[in-house]
Amino acid sequence: MRTTGSLACSWITVEAAKKITQEHTLPSEIIHKLMVFMVDELGLSAIRIHQPADRSVNSTQITHERLMTKDIPRRLNQVIIFSPEFVRYMKQSDSTCRIFDSESEPNPVNGEVNQGTLSLFMRQASGDEFQGLLELTFPSENRYPSEKDMDVLKALKELLFEQIAIYESKRRAESNKDSGEVLDYLSGLHRYETFLENIDRAIPKYVDENHQIVIICSDINHFKLVNENFGYRKGDELLRASGQLISAADNLIDACRFYSDNFIFATITENSKDEQIRAKLESMNKKNAGILQNIVSDVQVRVNSGVYVIRDVKMDAASAISYANSARKKAKVFNGMHCVIFTEEMIEEMRRADELNDELPNAIKNKNLMVYYQPKISCESEKITGAEALIRWKRENGTFVYPDQFISEFENNGNIIRLDYYVYDEVFQFIRKRLDEGLPVVPISMNVSRRHLENEDIMFYIEHLIDKYDMPTEYIEFELTESIYIDNVETALHFISRCNQMGIKISMDDFGSGYSSLNMISSIPIDVLKIDGVFMHRGKDLNKNDKIVLNNVIKMAKELNMAVLCEGVETREQVDFLKDAGCDVIQGFYFGKPMPEPAFEDFIRQYS
Ligand code: C2E
Ligand code: MG
Ligand code: MG
């Protein structure tokens, strides 16, 4: 017999466990996270939750299990019949815990005398009703828990069973709703909660030195367009077909529809490198997109995926899914890349994004966010005809942060609105100052985020700034990226027509960088088409095909009465080509990088 000592649990706090219950909403996820937390913090070899198989203590069924070593057999879903001695013990209401030193007595679950483990059984009851057991297995180096440890363990057990009760009642409610069906009615796949449980079970079963579980979050690009243009029937058809295609994936473990057009599925692979996994999925996505294309021939179907590869048995399904989902969001912005694998660097990126979110209010207050201006040059005269306002962030430590590191994160969490309002105000102030001083003024364009188009505030704000600075509207312009038009056709049109009425020009930014809908250009009143810098290949010579595309896009824009601006121009050769092609305005490093206000004022002096 070992002596009573202290378990690692002297370090574990009930507060930390409670925090988990506050941070998550799905009970199955909370149960899972709590189990992972206990395993990690207590250095457990295994944790199991038993629920009564009948309402007595004679038998239980193991409903949750997490094993940290392969020496302990898997018993998930198994019904356990206990020895009369154990039952007697567990019935004593005042004594709710029982420790088995497996070196000296048989474990009541497997009946074996196991070397090297120590099992602690804790009974959960409400009044007379037996609700289950929590079984914790420690490596035998751990000594018996002290009384203080036991108080902590009991509190954790209460927390865990509280969540189980919530989960069970939700599940009962759900199954009453649709008569026990755990499938998503549309796609025929599992629901998220079932999927989560299945993957948690699969991780210890399959993951080892030679096998990985690949978690894939997929969605269909611009699915909304399908619903809007072809009706929900077509949309549903597309989702059903997607579900079928996913069910047919090689080595599938399980799949679910998360929400809308977001699917998650898991496959098992043998000894694969990230790049192999990516290439395989990329071709699966292409193939599936081709099949789905038959359903909606008028919209370009593209399937995006984010992937997390589970190589560690300690990983839990919920975390793996959230990593895969972050990677999926990248797949949307990485051009041409349909499938992105989550990497360690992305964890670092997420951490940095959190940091920037926290710093934003102070950065605005302390003017650490600065508006830079990049000149726009007329092709004809090679004089300045305008500028674009671009944000730069100088952090307290003196380093600069560029928009690609925070804009998309701020778009997701809505902070972009605060940031842009700040930019707009700075730009208006700058123009007002020059007007008051009688200096030459050029129109300045400002970027509009898709988030602005979710309500009408932006219009009120712009009107407010025009009043406040008594601004002639010919000096301000707004840039909307091409994807904004696609995701928010109605609101974009409304915004543009209000701007038109007020005499504010609108450009379509980043044209040709992503999903371009040519028929949309003809139906939206845009003043300037900004051809994306990707065509300029960072200063490399333009090839024959680039020239054909550029010539024709410029020609088309002219025929539609739009001015054409080309971004990202870095060389004289490019300038000369664009001039010949009929481009009106050039923006790029060749004439000037984005620069702070004083440098920009010098630039205006030189190039006016
Ligand atoms: P954008 O609106 O398309 O801006 C043009 C981007 O191209 C700028 O990057 C600019 O620095 C870069 N660029 C300009 N000329 C050249 C060139 O010759 N070569 C190369 N390689 N790059 C060139 P930046 O400033 O990093 O901004 C990136 C994007 O972030 C912008 O793309 C815009 O979408 C967004 N953004 C920047 N500032 C703001 C802002 O204040 N509000 C909002 N909502 N978005 C912003
Ligand atoms: Mg822009
Ligand atoms: Mg652009």
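Atoms within a ligand are numbered from 1 in the order they appear, just like the ligands themselves. Below, each value reflects all heavy atoms present in this structure, side chains not excepted, and no hydrogens, waters or symmetry copies.
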Q | Chi angles and distances behind the ring-ring contact (aromatic ring centres under 6.0 Å, His included) call for Y402, Y372 | A | CA-CA 11 Å; Y402 289 89; Y372 273 42; 8.5 Å; no

Q: May I have the step-by-step check of salt bridge (charged side-chain N to carboxylate O under 4.0 Å, His left out) for E573 and K540, ending in yes or no?
A: CA-CA 10 Å; E573 186 245 331; K540 285 208 204 89; over 6 Å; no

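In summary, the side chains of E388 and N447 do present a donor paired with an acceptor at a separation below 3.5 Å, with no hydrogens or angles considered. Side chain to side chain, N397 and T399 meet the donor-acceptor criterion of an N or O pair below 3.5 Å.
The six-membered or imidazole ring of F258 lies away from that of F263, with a centre-to-centre distance of 6.0 Å or more. Ring pair F265/F195: centre-to-centre distance not below 6.0 Å.
Using the six-membered ring where Trp is involved, W393 and F410 have ring planes that are tilted, between 30° and 60° apart. Between F478 and F495, the two ring planes are perpendicular [angle over 60°; tilted spans 30° to 60°].
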Contacts under 3.5 angstrom, residues 590-604 side chains, donor-acceptor by atom type, not counting sequence neighbours:
unit_1: Y590; atom_1: OH; unit_2: R572; atom_2: NH1; d: 3.4
unit_1: E597; atom_1: OE2; unit_2: K433; atom_2: NZ; d: 3.1
unit_1: E601; atom_1: OE1; unit_2: R434; atom_2: NH1; d: 2.6
unit_1: E601; atom_1: OE2; unit_2: K433; atom_2: NZ; d: 3.2
unit_1: D602; atom_1: OD1; unit_2: R605; atom_2: NH1; d: 3.0
unit_1: D602; atom_1: OD1; unit_2: R605; atom_2: NH2; d: 3.4

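Using a cut-off of 2.8 Å, one finds that T481 contributes no N/O/S atom close to the Mg ion (ligand 2). The Mg ion (ligand 2) has an N, O or S atom of E388 under 2.8 Å away, backbone or side chain. Note on E479: not counted as a metal contact of the Mg ion (ligand 3), no N/O/S atom lying under 2.8 Å. Inclusion of D532 in the first shell of the Mg ion (ligand 3) is not supported: no N, O or S atom falls under 2.8 Å. The Mg ion (ligand 2) does not have D510 among its coordinating residues (no N/O/S atom, backbone or side chain, under 2.8 Å).
Taking a heavy-atom cut-off of under 4.0 Å, ligand 1 is surrounded by Q374, E388, L390, I391, R392, P403, I407, I416, D420, V423, N447, E479, D509, D510, R538, E567, G568, V569, E570, G588, F589, P594.
Distances from the Mg ion (ligand 3) to the N/O/S atoms of E567 are shortest for OE1. Taking the Mg ion (ligand 3) as reference, the nearest N/O/S atom within D509 carries the name OD1.
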